[in-house]
Structures are given as C-alpha cells and as structure tokens.
Amino acid sequence: MPYDFEDTLEPWYVAVTYGTAGDEEWEDEEDRGSHAPAAGTEIGHLVLWRLRDYTGDNRWEAADAESGDLEVIVSAVLGRSGGTGYSAVFEKAVTHPVGDLLILDRVYLDRAWRGFGLGPALAVEAIRRLSGGCCAVAVFPGMGEYPEDREQVTEAYRRQAKKKIAALWESIGFQPFRRGVWLLDTALRRPEELMLARRAELRALGTAFQRPGPSERDRADSVAVAEDGIKASARPRTV
C-alpha cells in the first residue's frame with residue numbers, strides 16, 4: 001500500500017558505518033587483530049525528512065500522521081492550518097523562505113561511539129548533502145533515549161538534557177526559532193564555517209586516537225575515530 005503523503009514528506013535514512021566493507025585498508029586492520037568493528041559495520045544512523053512545498057497535500061496533516069515531533073516542527077513553521085506557503089514569522093526568520101524544508105529527526109550512535117562530538121559532525125555532513133533546494137533545516141531538541149530508571153527523569157533532568165542537545169545543534173549553525181524548534185538557514189555562510197570547524201575537530205580527534213599511549217591502546221582500538229574511518233551513506237527510507 002503506498003504511503004499517503006509520500007510526495008509531500010520524503011524520508012531519508014543515513015547509515016553510519018565503520019569504514020567500508022571490501023576496502024583493503026580496513027580488512028588489513030582486522031587482520032592485525034584490532035578490537036575495532038569489522039569494516040562496514042553500522043555504528044549509528046540518522047533519520048531526516050524532506051517536507052516538500054506545493055504538492056497539493058496538507059503538509060501539517062502529513063507531519064501529524066507520521067509523529068508528534070514532526071507535527072511540533074511543522075506547526076511552528078506553517079501554523080496548524082498547514083496551508084500553502086510558510087508562516088509570516090518563518091519568512092522573517094529565514095533569508096530566502098522559498099523551497100522545501102529539511103527536518104533532522106534523529107541522530108543515533110552506538111554507546112561506544114558517543115561523547116566524541118561525532119553526532120554534530122555527522123549531522124552537518126548529512127545536511128550538506130540532503131539540503132539542496134531547501135530554504136532551512138529544522139530540528140526539535142528532544143530526548144531520544146531515557147535512562148533505565150525512569151524515576152531519574154525529572155523535569156529538571158529534561159531541561160538539562162534539552163539544554164545540552166540544543167548546544168550541540170547550535171555548534172553547527174542552528175538557532176532557536178519558536179515552540180522549542182530550532183532552524184538552520186541554508187542561505188547563510190555561518191553553517192558552512194561551523195561545518196569546516198567540526199571537520200577539523202574530527203580530524204584532530206582521529207590523529208589523537210591513532211597515537212595512543214601504552215595504557216590507552218586497548219581503549220583507542222575499540223573507539224578509534226579517523227577522519228576517513230566513519231562513512232555515511234544516505235538512502236530513501238522505506239515506509
């Protein structure tokens with residue numbers, strides 16, 4: 001059965017892998033007894049949505065049918081009517097408010113790969129490749145995972161978590177918009193400058209992990225991050 005709003009809300013799944021399966025360089029690493037994952041192993045993923053303009057569908061209804069987070073984002077951008085065109089407040093916030101909207105819905109990394117700044121670096125690369133023809137990118141900095149002990153999740157815990165997540169998105173060019181939604185204006189040069197900064201940080205991190213001290217070698221092998229070691233491949237998500 002076809003997806004009701006497939007022309008209006010286009011899903012993308014970006015797989016994050018350690019190296020590339022079949023690449024001799026990574027297979028040689030496995031042969032040396034490294035504790036790193038096998039080449040081509042998926043260590044995370046990103047989910048993005050492209051909200052297309054002027055397809056004849058009600059864009060708010062398309063987002064609401066998919067998830068609550070998407071509905072929150074689209075309501076902030078369009079207003080609940082979901083009619084043609086963007087809201088006046090969005091048009092004031094974006095340099096050229098004409099075209100599609102890219103939505104960054106989820107960034108996930110296996111636990112061993114967290115805490116190294118990979119999330120924003122991967123997100124900015126995915127955005128760069130998928131945002132052509134989009135006037136802005138939107139994100140709702142919410143909690144994607146919860147601790148096993150749900151009693152820890154107090155209102156203060158939620159606020160602190162959202163604050164940390166928002167800081168990550170700000171580091172790649174997102175700015176607060178309204179109703180908890182953040183926007184990245186694709187017409188500005190600032191996001192590109194921040195992308196280059198994230199790349200430089202990733203390169204420095206890779207260099208540091210490639211030169212471990214004797215007591216750090218096992219840990220470095222298990223979480224080694226090289227600039228060319230993390231691959232992201234995007235494909236339309238099956239719905």
Side-chain angles (χ1 to χ4, degrees), residues 1-16 42 44-87 89-91 93-108 119-142 144 165 168-169 172-188 190-192 194-195 198 231-239:
M1 179 178 295
Y3 179 53
D4 288 343
F5 297 105
E6 62 183 351
D7 291 334
T8 300
L9 191 60
E10 179 182 278
W12 283 88
Y13 182 94
V14 180
V16 181
E42 184 169 325
H45 65 268
L46 295 82
V47 176
L48 301 95
W49 300 84
R50 189 183 186 106
L51 186 68
R52 294 195 175 276
D53 201 3
Y54 301 112
T55 63
D57 289 331
N58 183 298
R59 291 184 288 172
W60 178 84
E61 289 182 0
D64 185 51
E66 182 59 38
S67 77
D69 284 349
L70 292 185
E71 189 277 333
V72 168
I73 292 171
V74 174
S75 290
V77 169
L78 302 179
R80 185 169 289 274
S81 67
T84 59
Y86 293 105
S87 66
V89 65
F90 178 84
E91 291 181 348
V94 176
T95 304
H96 300 298
V98 177
D100 299 340
L101 178 74
L102 186 66
I103 299 173
L104 178 60
D105 186 23
R106 180 171 174 79
V107 178
Y108 173 83
L122 293 167
V124 77
E125 296 293 348
I127 288 169
R128 182 170 183 248
R129 286 157 177 78
L130 296 176
S131 62
C134 295
C135 60
V137 187
V139 67
F140 182 70
I165 295 169
L168 294 177
W169 301 144
I172 58 175
F174 282 92
Q175 294 295 320
F177 176 49
R178 63 171 183 166
R179 301 179 187 173
V181 175
W182 288 56
L183 292 179
L184 183 151
D185 189 337
T186 57
L188 299 180
R190 179 62 173 161
E192 182 178 353
L194 291 172
M195 178 193 69
R198 299 294 80 75
K231 307 290 184 180
S233 60
R235 64 177 184 272
R237 181 183 174 193
T238 302
V239 293

Review point. Taking the side chain from Arg59 and the backbone from Asp53, do they hold a donor-acceptor pair closer than 3.5 Å?
Key: no
Review point. At what distance, to the nearest 0.5 angstrom, does CZ of Arg52 lie from SG of Cys134?
Key: 7.5 Å
Exercise for review: Taking Arg128 for its side chain and Met195 for its backbone only, find out whether a donor-acceptor pair lies under 3.5 Å.
Suggested key: no
Study note, to complete from the structure: Between Val14 and Leu130 the two heavy atoms that sit nearest each other are CG2-CD1, 4.2 Å
Study note, to complete from the structure: Between Glu42 and Ala15, the two heavy atoms sitting closest are OE1-CB, 3.8 Å
Check your understanding: So which heavy atom on Pro191 is nearest to which on Asp185, and how close?
Key -> CG-O, 3.8 Å
Practice item. May I ask you to decide if Gly99's main-chain N or O and Tyr86's side chain share a donor-acceptor pair within less than 3.5 Å? Key: yes
Revision key, fill the gap. d(Leu48 CG, Glu10 CD) to nearest 0.5 Å is 11.0 Å
**Study point:** Nearest atoms (heavy-atom pairs only) where Leu194 meets Ile172
**Key:** CD1-C, 3.6 Å
Exercise for review: Classify the angle between the aromatic ring planes of Phe177 and Phe90 as parallel (below 30°), tilted (30 to 60°) or perpendicular (above 60°).
Suggested key: perpendicular
Practice item. Hey, could you give me the CZ/CD distance between Phe5 and Glu66, rounded to the nearest 0.5 Å? Key: 10.5 Å
Review point. At what distance, to the nearest 0.5 angstrom, does CD1 of Ile73 lie from CG of Leu101?
Key: 8.0 Å
Practice item. Check the pair Val137 / Phe174 against side-chain contact (heavy atoms from CB on, under 4.5 Å), numbers first and verdict last. Key: CA-CA 8 Å; Val137 187; Phe174 282 92; 3.7 Å; yes
Practice item. Quick one: closest heavy-atom pair of Val77 and Ser87, and the distance? Key: O-OG, 2.9 Å
Study note, to complete from the structure: Looking only at heavy atoms, the pair that brings Leu78 and Trp60 closest together is CD1-N, 4.3 Å
Study note, to complete from the structure: d(His45 NE2, Arg106 CZ) to nearest 0.5 Å is 5.0 Å
**Study point:** Trp169 CH2 to Leu104 CG distance, which is reported to the nearest 0.5 Å
**Key:** 5.0 Å
Practice item. Would you please test Leu70 and Leu51 for side-chain contact (heavy atoms from CB on, under 4.5 Å) and show each step? Key: CA-CA 10 Å; Leu70 292 185; Leu51 186 68; over 6 Å; no
